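Report on one structure; see the data block that follows.
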Amino acid sequence: MSLLNLRSLRQRLLLVTLLTAGLTVVTSGFVLSALFRDHVRQQFVERLTADLDQVLARLEVDNQGQPSLDAARLSDPRWTRPHSGLYWQVDGAGADGKPGLLRSRSLWDEDLVAPRDMPGQGELHVHQVLNHRKEPLLLIERGLRADGAALPWRVMVAASTQPLDRAAQRFDNVLIGALLVLMLLLCAGAFLQVTLGLAPLGRLREALAALRDGRTQRLEGSYPTEVQPLVDDLNSVLDRQASTLERARTQAGNLAHALKTPLTILGQAAANASSTVAVRDELPALVLDQVQVARRHIDWHLARARAAAAQGAGGLKTPLQPVADGLVRVMQKVYANRKLSIRADIDGRLAFAGESQDLQEMLGNLLDNACKAARKQVLVSAMQTGSLLRVTVDDDGPGIAPDQVAKALERGHRLDESTPGSGLGLAIVQELATLYEGTVELGVSPLGGLLVVLNVPAG
């Protein structure tokens, strides 16, 4: 199965692009056509207005108050040609005045019929009408009142809109042709854009296939700036997985190596068990001691593996107080014969940003070491400083010299050879804290003994 179905993606992108381009072209065509028609009509109205002004300028009134107009004084020859498409007419005074009181020869035996909305003095009305021959006309009119007249005359000029329609049709034809060419160019551009734009994804698909088949360990090659961050993030994940796998292999090797010694000792002891009575008597203690050593090594490596797996995982949060109180109760039972005062002064709002088992492992080792060294009391306290949780374990034991601090954190080194143990406690704590990008600090306690400060991420 292909990691990236580029054919389907290319088809979808191309379809969306073509639909968008088609919608844009069609919308643009309608808008341009409407704008052109409006512009031509406005010019037509302005031209008719000029013709109306010319008719009004040539109109005269005699002594009886009757209008007259010498058609020979009008400049456009279409006024005198029958049915030429350009007409003028003067109707009688008032809305019910005699139609066609004066009219152009181009009207022949017809009249212009205007709506009954009588314009006032100087008002300009524009109408779309039909003449008797069903010819569409654009008609404009003004009201003109002579001196002493009670009502105004209606002076009209009309022109056929067929030339306007033909001009708009020619424009639409040219526009359709241009938009078709534009659509073809947009389709070609969309095809090239999708093909060239998805080309890096094709190379990425090949790289992912090579990674899946085991031919490479990382995504190689350079990609456009839009794709390169994705490639870098994928490589980061691959590097982290490789690092985790390498740590797991190392842990397995270390665990196997650590178990060789106790197994070898147990094997030799079993082989020599029948040799003398003294060897047989020492065998149970030897087995228990080596089993304890093996268990400590297993705990060490399991803790490392668990912390490494949890490192960087989001959403981890372990309340500190329940873990500390539980460990204090366990230590009080373990060291009940010494009558130690073991207390935990923890704010219930504090939390550790990690696994509960890791917190128990770290804090349990610190408490165990403190109880072994303490004379009378052990105190656990904590506070949050910025993004760090600062856990402090104090005891009133003998403490350690400043030059022994570095050795105390070494694996296998024991602070007190008189007490039982493997010397792994503080080393495990430091190893786990380091995996959580934390630290372990040793110092002098106010109680007089050892002060251990565990700095880990706060939840």
Side-chain angles (χ1 to χ4, degrees), residues 1-42 164-248 308-317 353 437 457:
M1 180 179 292
S2 176
L3 294 174
L4 287 174
N5 194 343
L6 288 183
R7 176 176 295 179
S8 176
L9 180 60
R10 184 182 294 110
Q11 290 175 349
R12 292 183 182 181
L13 287 177
L14 190 58
L15 178 61
V16 171
T17 305
L18 292 179
L19 288 177
T20 303
L23 182 61
T24 302
V25 168
V26 171
T27 304
S28 301
F30 279 115
V31 171
L32 290 175
S33 179
L35 289 175
F36 179 79
R37 288 176 181 273
D38 183 70
H39 174 71
V40 173
R41 188 176 187 277
Q42 185 63 33
L164 181 67
D165 296 335
R166 287 194 294 268
Q169 185 62 48
R170 287 195 299 269
F171 176 81
D172 289 344
N173 293 337
V174 175
L175 181 62
I176 290 173
L179 291 180
L180 286 176
V181 173
L182 177 61
M183 185 64 186
L184 291 176
L185 293 177
L186 287 177
C187 292
F191 179 79
L192 290 177
Q193 182 182 21
V194 172
T195 302
L196 297 178
L198 294 182
L201 293 183
R203 291 191 286 115
L204 179 60
R205 181 181 63 177
E206 295 174 358
L208 288 172
L211 182 66
R212 179 192 59 192
D213 298 338
R215 300 194 302 270
T216 182
Q217 301 298 320
R218 302 178 84 254
L219 298 177
E220 304 294 342
S222 59
Y223 296 86
T225 54
E226 296 82 5
V227 181
Q228 191 62 45
L230 173 63
V231 175
D232 294 339
D233 290 342
L234 287 174
N235 282 331
S236 297
V237 173
L238 293 173
D239 292 340
R240 183 172 178 178
Q241 287 182 340
S243 177
T244 302
L245 180 60
E246 184 62 27
R247 283 199 301 268
Q311 183 185 14
L316 295 177
K317 182 179 180 181
E437 299 182 354

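When a residue number appears, it is its place in the shown sequence, counting from 1. These numbers were taken from a predicted model, which means no experiment stands behind them.
- Checked against ring-ring contact (aromatic ring centres under 6.0 Å, His included), F30 has no partners two or more places apart in sequence or in another chain.
- Remark: L13 engages L9, V194, L198 in a side chain to side chain contact (heavy atoms under 4.5 Å, CB included) (not counting sequence neighbours).
- Across all non-hydrogen atoms, the minimal contact from L175 to G29 is CD2-O, 3.4 Å.
- Listed by first and then second residue, the side-chain hydrogen bond (donor to acceptor under 3.5 Å, both in side chains) pairs that reach into residues 171-188 are S33-D172, R37-D172, Q169-N173, sequence neighbours excluded.
- With respect to V16, the side chain to side chain contact (heavy atoms under 4.5 Å, CB included) criterion is satisfied by exactly one of T20, L14, L19: T20.
- For S236, there are no side chain to side chain contact (heavy atoms under 4.5 Å, CB included) partners at least two apart in sequence or on another chain.
- In this structure the side chain of L35 reaches within 4.5 angstrom of the side chain of V31, judged on heavy atoms.
- Among residues two or more places apart in sequence or in another chain, the side chain to side chain contact (heavy atoms under 4.5 Å, CB included) test is passed with V25 by L179, L182, M183, L186.
- The ring-ring contact (aromatic ring centres under 6.0 Å, His included) pairs that include a residue from residues 172-195 number zero, where partners must be two or more places apart or lie in different chains.
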